[in-house]
Amino acid sequence: MSAEHPFYRLAPFIQEYIYRSGWEELREVQVEASRVVLDTNHHMLIASGTASGKTEAAFFPALTLLDQEPSSSVGILYIGPLKALINDQFQRLEGLMRDAHIPVWHWHGDVPQSEKTKVMRHPSGVLQITPESLEGLLMNRPNAIPALFGDLRFIVIDEVHAFMGADRGSQVLSQLERLSRMAGCSPRRIGLSATLGDYEAVKSWLAGGTRIPVELVSPPGGRKLRLSIENFAMPDARDERQSEALENAKKSYNNFIYDHTHLKKALIFTNSRTVAETTILEMRRIAALRQQPDVFHVHHGSISSMLREEAEAALREGYGPAVAAATLTLELGIDLGSLERVMQLGAPYSCASFVQRLGRSGRREGAVAEMMFVCAEEDDEEAQLPARMPWTLLRAIAVCELYVKEKWIEPQTVRKLPLGLLYHQTMSVLRSFGEAEAGELARAVLTLPPFANFTTEQYRELLEYLLATDHLEQTEDGMLIVGLMGERVSGHYRFYAVFQDEEEHSVYDGSEEIGSITTVPPAGYCFSLAGRLWKVEEVDSRHKAVYVKHAKGKVDTLWLGAGGDMHTRIVRKMRDILRENTLYPYLAPNAAARLERARRLSRETGLTERLVLPAGGDSMFVMPWIGSREFRTLERLLKNNLSQQLSLRSIVPMEPHYMVVAGRTDADELQHLIVSESERMEDSIQMLDEFEAPYLGKYDEFTPPGLIRAAFAADGLDLEGLRRGLRGSDYGA
DNA sequence: GACCTGCTGCGGCATG
């Protein structure tokens with residue numbers, strides 16, 4: 001290495017750290033990022049694989065500059081999407097800066113007040129924070145902002161893909177602009193991500209509100225992949241003659257999972273919390289039967305952070321095997337070390353998710369990334385068995401093909417008129433001002449980058465509506481202040497987050513928190529959580545706590561979900577795979593025979609199966625299959641309980657034009673079937689299209705209906721049509 | 001029978 005090499009330009013304590021860690025050289029991404037940071041004044045987007053050293057690539061050169069010219073306030077602000085990720089990064093950075101005399105602070109809901117007070121007293125070094133805590137700072141402590149961030153040099157946004165495309169991302173952009181104005185600083189931005197489809201879109205997102213160019217650092221990855229798909233065809237659960245065959249099929253499915261994981265550091269991804277729970281229950285049952293050790297963990301959004309950290313530590317550290325079944329909680333960048341097996345039960349719903357999950361395997365450089373798909377066709381009341389299409393298998397293949405062969409990942413779209421967020425930031429800005437003239441407020445809010453498409457006239461309409469609905473109030477001398485309703489909404493701590501949530505009860509076994517539930521069973525009833533069974537002993541409604549003890553037997557899990565979003569392109573790919581008849585190469589030999597048998601039976605029985613396909617466009621597609629039961633449930637809800645609109649959000653199609661496939665599942669006939677519409681289904685879908693709830697965000701409900709219409713139209717949705725349809729039916733009221 | 005994220009201020013009490 002010549003003396004010009006970026007390594008020798010890094011601060012001495014960083015060179016020390018690199019030696020101490022036993023690294024022989026900087027990774028390519030770190031070399032490139034160092035050049036960008038040290039030689040330009042531009043923003044930077046680092047897009048490279050998981051565990052490629054992105055965090056170090058951002059911090060090595062940024063800290064070097066900070067070391068050369070110490071900052072008189074916080075010098076680097078790191079924004080992360082998860083508390084767990086911040087805690088993980090906090091430990092890694094602390095190791096790096098042990099000898100550097102640059103402090104690392106973290107700030108989120110679990111950080112004690114005493115620590116936050118320390119940062120306020122000695123604003124310096126690196127501060128790691130969540131968007132919600134940053135909102136709290138901007139809103140409630142505006143006078144502390146100049147001292148905290150007056151000399152801020154860098155803002156690092158981790159896992160950019162987790163923010164962009166959602167209101168939470170626009171919230172971050174808005175906060176960055178507010179922070180710069182309040183503190184009088186103009187920091188450079190560094191975005192980190194492993195999963196990105198369209199770099200140009202992300203670059204312009206990252207620069208939002210500034211005129212500084214964004215440099216892309218994205219070294220070619222080229223990892224080798226090893227993918228395998230195992231498909232289990234389950235016999236019909238309702239056919240009594242088949243009950244023994246079904247038992248055997250389930251047994252071989254579970255034994256397959258057990259045999260391929262229990263001696264390794266293994267991660268089993270599932271698509272639902274329920275499957276994660278039931279799988280680990282099964283694994284524990286098999287372990288007990290075989291008198292082998294219990295090495296199993298469950299990791300999802302309703303598991304307490306303590307149990308999650310236990311699972312993470314077991315995978316990362318220690319000798320011997322550890323197996324965790326997880327939902328997307330283990331997709332993001334928390335360090336898990338190098339895993340020996342990554343399994344996926346069923347197929348992922350998106351290519352982005354597939355790539356993230358793939359990134360969990362083969363983390364050492366040069367290693368092969370491996371993913372073992374295990375599909376089992378689920379029971380379907382509507383289907384006439386034994387001939388069924390392997391929909392899950394098809395989706396697994398479609399996702400693999402799209403990513404591996406076409407390098408395609410779902411593009412992220414940003415709302416053109418984020419109305420709910422406009423309300424949110426208006427209230428937040430007004431609270432930080434204390435009071436403001438209407439014009440002053442408009443200048444402060446409407447110039448924030450996410451709101452560039454709103455007109456002054458539209459903002460006036462919003463403010464007038466908010467005055468009329470008591471969210472705002474006008475003082476005698478014409479100043480705007482937060483009104484009674486506004487106080488109720490923005491005065492509560494839940495205001496900091498811009499996404500919807502449900503109230504949860506914590507579940508305790510003695511003093512140990514196991515996790516949380518939203519549906520609380522009465523005392524005496526059982527449920528499963530964290531891969532074990534529990535019996536409710538006592539419910540403390542006031543403190544939102546449920547006390548439980550261990551139980552035996554068999555019970556359902558508590559989570560009820562209904563459908564989700566899947567990109568049109570994945571559905572089209574599934575259709576193409578069927579049409580091209582290219583399914584066979586992906587199937588294990590016996591599975592191909594099973595499928596052949598299924599197809600023959602399909603022809604003989606004239607089986608009907610349904611598939612809902614969007615007619616065109618690249619907008620989001622909703623459910624791969626919708627049963628009449630779901631429609632009945634929807635109808636009932638629509639008629640009786642419109643207040644439940646928001647909870648229906650995920651069941652409702654997001655694009656107004658659909659066509660229906662109804663009929664045989666034979667591939668040759670599919671072309672014909674796509675144009676043969678079923679009237680009943682069409683009616684039901686029409687009804688869903690007329691339903692306006694799916695587009696409402698947490699704060700949209702506080703904004704004027706006329707503006708909501710304009711905002712939807714901007715994103716290509718015709719609310720007027722939807723409204724008319726509603727009035728014309730029984731569901732209008 | 002899809003998934004996930006986040007969170008304040010203060011009263012009451014014990015302790016040094």
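Chain letters run A, B, ... following the sequence lines, proteins first, then strands; residues in each count from 1.
If you take NE2 of A:His108 and C1' of B:dT8, they are 16 Å apart, rounded to a whole angstrom. A:Gln113 places its CD atom 11 Å from the C1' atom of B:dC10, with the value rounded to the nearest Å. Straight-line distance from the CD atom of A:Gln128 to the C1' atom of B:dG6: 17 Å, rounded to whole Å. Summarising the geometry, the separation between CD1 on A:Ile129 and P on B:dT5 is reported as 19 Å, rounded to the nearest angstrom. Rounded to an integer number of Å, the gap from NZ of A:Lys83 to C1' of B:dT8 is 13 Å. Atom OH in A:Tyr496 sits about 10 Å away from atom P in B:dC7, given to the nearest Å. Atom OH of A:Tyr493 and atom P of B:dC7 are 11 Å apart (whole Å). Per the geometry, NE2 belonging to A:His300 stands 16 Å off C1' belonging to B:dT5, to the nearest Å.
Comparing B:dG9, B:dC4, B:dC7 by their nearest atom to the side chain of A:Arg141 picks out B:dG9. Looking at the side chain of A:Glu132, the nearest of the listed nucleotides B:dT5, B:dC4, B:dC7 is B:dC7.
Using a 4.5 Å cut-off on side-chain heavy atoms (C-beta onward), A:Glu504 and A:Lys544 make no contact.
OP1 or OP2 of B:dT5 lies within a sub-4.0 Å distance of a side-chain N or O belonging to A:Arg308. Proximity of A:Thr130 to the phosphate of B:dT5: no side-chain N or O atom is located under 4.0 Å from OP1 or OP2. OP1 and OP2 of B:dG1 both lie 4.0 Å or more from every side-chain N or O belonging to A:Arg273. The side chain of A:Thr329 places no N or O atom within less than 4.0 Å of a non-bridging phosphate oxygen (OP1 or OP2) of B:dC3. Within the structure, every side-chain polar atom (N or O) of A:Ser133 is placed at least 4.0 Å from both OP1 and OP2 of B:dG6.
Partner A:Gln425 forms a side chain to side chain donor-acceptor pair (under 3.5 Å) with one of A:Arg178, A:Glu177, A:Gln171 and no other, that one being A:Arg178.
The pair A:Asp335-A:Arg316 fails the salt-bridge criterion, with no side-chain N (NZ, NE, NH1 or NH2) lying under 4.0 Å from an Asp/Glu carboxylate O. The residues A:Asp700 and A:Arg415 are annotated as salt-bridged, a charged nitrogen and a carboxylate oxygen being separated by less than 4.0 angstrom.
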